[in-house]
Every structure is written in C-alpha cells, then in structure tokens.
Amino acid sequence: MAWFHLVLAGCLEIVWAYSMKKSAGFTLLIPSVVTLVAMVASFALLSLAMRALPLGTAYTVWTGIGALGAFAVGILVLGEAVTPMRLAAALLILTGLVLMKLSSN
C-alpha cells in the first residue's frame, strides 16, 4: 500500500506543478485552489508512504515522479522544447528512480 500512496502522491505533485503554472502566480482562483488542494493531498500521501518506506527512497521517488511528470506535461501540454540534453536528463532521473526502487526491500 505504501508504494500505491507514493505513486499517487507523485501524480498529485504533477497536478499541483501544472496548476501552479496555470495559476499565473496565484492570480487565478481555480488553478490556485487546485494547486493548494493537490499539494496538501500529495504531502499527506507522501507522509503515509513514509510510514513504511525509507525516507531517501520515498522522497526520491516522489520528487522523481513529479519531475518526470512535469517534464512530460511541459512538452505534451505546454509545448516546451524537446532537446537531446533534456531527454538525457529525464532518462537519468528515470534510471535513478528504477535503481532506488530496486534497492528498497
């Protein structure tokens, strides 16, 4: 169950990152509220996951899911640039996440 909580927390991190971008510096009400609600839910789920998972593993996977997800949303939804260097960086993050998962009991 801890891994489910962790993955869901990471997905909510993607939601709040995107909605924060859309909030225009917290000047738009709906995206601002979505950001805050998703943040609180993401942190709550992360804290549940940390009951059973090591701190380093949980935090690394949570931030990695958020980073890779925000990267993908930036490209697919916001039209951000796709460059070989950015793709290589994303691949390194993904590799680190897989290794962190494999190193956990």
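Numbers for residues simply follow the sequence, beginning at 1.
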Undergrad: Starting at CZ of Phe43, measure out to CE of Met50 and round the result to the nearest 0.5 Å.
TA: 9.5 Å
Undergrad: I need the full list of salt bridge (Lys or Arg N to Asp or Glu O under 4.0 Å) pairs touching residues 23-44, with sequence neighbours left out, sorted by first then second residue.
TA: none
Undergrad: Do any pairs count as a salt bridge (Lys or Arg N to Asp or Glu O under 4.0 Å) and have a residue in residues 29-38, sequence neighbours left out, and if so which ones?
TA: none
Undergrad: Would you check if Leu68 and Leu97 make a side-chain contact, meaning some heavy-atom pair closer than 4.5 Å?
TA: yes
Undergrad: Considering residues at least two apart in sequence or located in another chain, which fulfil the side-chain contact (heavy atoms from CB on, under 4.5 Å) criterion with Ala89?
TA: none
Undergrad: Tell me whether the count of non-hydrogen atoms from other residues, nucleotides or ligands lying under 6.0 Å of CD1 in Ile30 goes above 12.
TA: no
Undergrad: Show the nearest heavy-atom pair for residues Leu48 and His5, with the distance to one decimal.
TA: CB-ND1, 3.9 Å
Undergrad: Kindly give the heavy-atom pair with the smallest separation between Ala58 and Leu53, and that separation in Å.
TA: CB-CB, 4.2 Å
Undergrad: Grouping I, L, V, M, F, W and Y whenever their side-chain heavy atoms are under 4.5 Å apart, do Val61 and Leu94 come out in a common cluster?
TA: yes
Undergrad: Are Leu99 and Leu92 grouped together when hydrophobic residues (ILVMFWY) are joined by side-chain heavy atoms under 4.5 angstrom apart?
TA: no
Undergrad: Got a sec, which pairs hit ring pair (Phe, Tyr, Trp, His ring centres under 6.0 Å) with one end in residues 79-104, sequence neighbours left out?
TA: none
Undergrad: Among pairs that include at least one residue of residues 31-49, which meet salt bridge (Lys or Arg N to Asp or Glu O under 4.0 Å), considering only residues two or more places apart or in two chains?
TA: none
Undergrad: For Leu28, what residues pass the side-chain contact (heavy atoms from CB on, under 4.5 Å) criterion, not counting sequence neighbours?
TA: Ala24, Pro31
Undergrad: Is there any side chain to side chain donor-acceptor pair (under 3.5 Å) pair reaching into residues 37-57, and which pairs are they, with sequence neighbours excluded?
TA: Ser42-Trp62, Thr57-Ser104
Undergrad: Which side chain to side chain donor-acceptor pair (under 3.5 Å) pairs, counting each pair once, include a residue from residues 67-92, with sequence neighbours left out?
TA: none
Undergrad: Sequence neighbours left out, what passes side chain to side chain donor-acceptor pair (under 3.5 Å) with Thr60? Give chain and number order.
TA: none
Undergrad: Could you work out, with side chain to side chain donor-acceptor pair (under 3.5 Å) as the rule, every residue matching Ser19, not counting sequence neighbours?
TA: Thr35
Undergrad: Answer yes or no: are there more than 12 heavy-atom neighbours, outside Phe4 itself, under 6.0 Å from its atom CZ?
TA: no
Undergrad: Who pairs with Leu87 by side-chain contact (heavy atoms from CB on, under 4.5 Å), at least two apart in sequence or on another chain?
TA: Phe71, Val82
Undergrad: Tell me whether Trp3 shares a hydrophobic cluster with Leu45, the cluster being built from Ile, Leu, Val, Met, Phe, Trp, Tyr side chains joined at under 4.5 Å.
TA: no
Undergrad: Could you tabulate the donor-acceptor pairs under 3.5 Å formed by side-chain atoms of residues 6-16, not counting sequence neighbours?
TA:
none

Undergrad: Can you hop from Ile65 to Val77 via hydrophobic side chains spaced under 4.5 Å?
TA: yes
